[in-house]
Number of protein chains: 2
Amino acid sequence: MKHAATSEAFPDAAHDHAECISTALAAAEDTCRREGLRLTPIRRRVLELVWQNHRPVGAYDLLDQLSRDGKRAMPPTVYRALEFLQGAGLVHRIATLNAFVGCSHPDHAHQCQFLICSDCRTVVELESENIGRSLKREAAALGFQVREQSVELTGLCPECHPAH
Amino acid sequence: MKHAATSEAFPDAAHDHAECISTALAAAEDTCRREGLRLTPIRRRVLELVWQNHRPVGAYDLLDQLSRDGKRAMPPTVYRALEFLQGAGLVHRIATLNAFVGCSHPDHAHQCQFLICSDCRTVVELESENIGRSLKREAAALGFQVREQSVELTGLCPECHPAH
DNA sequence: CAGAGATTGGTATAATATAACAGCACGTCA
DNA sequence: TGACGTGCTGTTATATTATACCAATCTCTG
């Protein structure tokens, strides 16, 4: 049994992958149309693969998966696609894992924080204004002007920790 | 002219390097003696180099600097030393830079946050209980139990931003 | 259609990190 | 004393992640 609070943030293992992939892709199409960005076939495919994995996935894993489509892909292909997707706010890079995840809130610009389960590797994207503000405030107190934040919390998700 | 608040956190370019290195090394000796850890010559030397740079420094830069001592060092040598130093809380790894900095508060265990100037590459280590608590609280609200935090804020330090 | 700019393909290589095994130093315990 | 265990170092090799660079192609716009 799980709290109501967790059921939204941490996806059920049995949730409908196919649907969340197609939702993400549809959202991406929208975003790109709105912003005048080109979601080309490769970029779309990479985004699809990122969501298919539904956990942080390395560039070279994506590369392997891309290559299974038929034609062998090279590293720059996937890195370029990822760079575009990050720029468009459709994908985030997890620095502590050298890996990428689909953005859960692609519809608007935001600074976010990640909860990374070290057991099942699930990642949840938090979007706490509160944390963002605290960080900026503490930095500003030292005269530091924040441009980017990378906040990655590693630990155990509700499904994986002993209390469960 | 600079605020009082910044003078402690962000080291003056003209501050006495030699002293801050020797202070750090003395603190490291203490810590290791207290914890029963062995600060061997290599480990001590790597720590010294980290402090000499006094900004985040890559493992391969350290390797080059080590090699200038006479005998050519190999990657595992420096990575092992860094691993030890991290374990001992004497050095932190900056995930967004794949680089290492000396820990400013090696005398006690702590979770910390980094302010990274994208212009001059200076890094300041914040140790905000406040932020640590907020992060844990927000995570706990989703049933997530935090074990490690990586908080890295990139932006402009007081010396480098336009307002200065 | 011509030209500019964006996108892709491909080669090569850079930069970061670890696996695996051999040898040595040092303490300890029979 | 000496045999063993443990931890540290040396060394080779390789894995993993990421980018520089140039050529070819596509797409949009005027």
Side-chain angles (χ1 to χ4, degrees), chain A residues 28-29 32-33 35-50 53 55-88 90-101 121 150 152, chain B residues 28-29 32-33 35-50 53 55-88 90-101 121 150 152:
Chain A
E29 307 269 17
C32 290
R33 201 168 313 118
E35 314 260 333
L37 300 173
R38 294 174 52 197
L39 189 62
T40 61
I42 294 181
R43 292 167 176 177
R44 191 177 195 286
R45 179 72 178 123
V46 169
L47 182 60
E48 187 178 13
L49 288 172
V50 167
N53 284 273
R55 1 181 100 18
V57 56
Y60 280 74
D61 286 344
L62 290 170
L63 197 52
D64 286 346
Q65 294 172 40
L66 258 189
S67 292
R68 269 183 235 122
D69 286 355
K71 51 194 167 193
R72 200 167 74 257
M74 297 316 222
T77 299
V78 73
Y79 279 103
R80 281 188 295 232
L82 287 168
E83 188 180 13
F84 168 86
L85 294 168
Q86 285 175 86
L90 298 171
V91 152
H92 294 294
R93 181 168 190 276
I94 308 290
T96 53
L97 300 175
N98 296 327
F100 303 83
V101 285
R121 313 306 268 177
S150 160
E152 302 177 11
Chain B
E29 306 269 17
C32 290
R33 201 169 314 118
E35 315 260 333
L37 301 172
R38 294 175 51 195
L39 190 62
T40 62
I42 294 181
R43 292 167 177 178
R44 193 178 194 285
R45 180 70 179 125
V46 169
L47 182 60
E48 188 178 11
L49 289 171
V50 167
N53 284 274
R55 350 181 111 14
V57 55
Y60 279 76
D61 286 345
L62 290 170
L63 198 52
D64 286 346
Q65 295 173 39
L66 258 188
S67 292
R68 269 183 233 122
D69 286 353
K71 50 192 170 196
R72 199 169 73 258
M74 298 313 227
T77 299
V78 73
Y79 279 102
R80 281 190 293 230
L82 288 168
E83 188 180 13
F84 169 86
L85 294 169
Q86 285 175 87
L90 299 170
V91 153
H92 295 293
R93 181 166 191 277
I94 308 290
T96 52
L97 300 175
N98 294 328
F100 303 83
V101 285
R121 312 306 266 175
S150 161
E152 303 178 10

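All values below were derived from every heavy atom in this structure, side-chain atoms included, with hydrogens, water molecules and symmetry-related copies excluded. Chain A is the first sequence line, chain B the second, and so forth, proteins listed ahead of strands; every chain is numbered from 1.
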Extract, from 5' to 3' on DNA chain C, the first and final nucleotides lying under 4.0 angstrom from some heavy atom of chain B.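 Under 4.0 Å from chain B, the extent on DNA chain C is C:dT16 to C:dA20.
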Distance, rounded to the nearest Å, where B:F84 contributes CZ and D:dT6 contributes C1':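 Rounding to the nearest Å, CZ of B:F84 and C1' of D:dT6 are 15 Å apart.
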Using distance only, find each side-chain donor-acceptor pair of residues 58-68 of chain A under 3.5 Å and give its atom names and separation, not counting sequence neighbours.
from, atom 1, to, atom 2, distance (Å)
A:Q65, OE1, A:N53, ND2, 3.1
A:Q65, NE2, A:N53, OD1, 3.4
A:S67, OG, A:L63, O, 3.0
A:S67, OG, A:A73, N, 3.3

Could I get the full list of side-chain hydrogen bond (donor to acceptor under 3.5 Å, both in side chains) partners for A:T96, not counting sequence neighbours?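 With sequence neighbours excluded, A:T96 shows a side-chain hydrogen bond (donor to acceptor under 3.5 Å, both in side chains) to A:E152, given in chain and number order.
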Considering residues at least two apart in sequence or located in another chain, which fulfil the side-chain contact (heavy atoms from CB on, under 4.5 Å) criterion with A:Q86?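 By the side-chain contact (heavy atoms from CB on, under 4.5 Å) rule, A:Q86 matches A:L82, A:V91, A:R93, A:F100.
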For D:dT9 and B:R43 - does any side-chain N or O of the residue sit under 4.0 Å from the phosphate oxygens OP1/OP2?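 For D:dT9, OP1 or OP2 has a side-chain N or O of B:R43 closer than 4.0 Å.
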At what distance, to the nearest 0.5 angstrom, does CG of B:L37 lie from CG of B:L90?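 B:L37 atom CG to B:L90 atom CG measures 8.0 Å (nearest 0.5 Å).
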Please enumerate all residues that pass salt bridge (charged side-chain N to carboxylate O under 4.0 Å, His left out) together with [X], with sequence neighbours excluded.
X     : value
A:E29 : A:R44
A:R38 : none
B:E48 : B:R45

Which nucleotides of nucleotides 13-30 of chain D have their base under 4.0 Å from a protein heavy atom (B), which only their sugar-phosphate (S), and which neither (-), written as one string 5' to 3'? ----BBBBB-----S---
Which heavy-atom pair separates A:R43 from A:L85 by the least distance, and what is that distance?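 Smallest heavy-atom distance, with atoms named: O-CD1, 3.8 Å.
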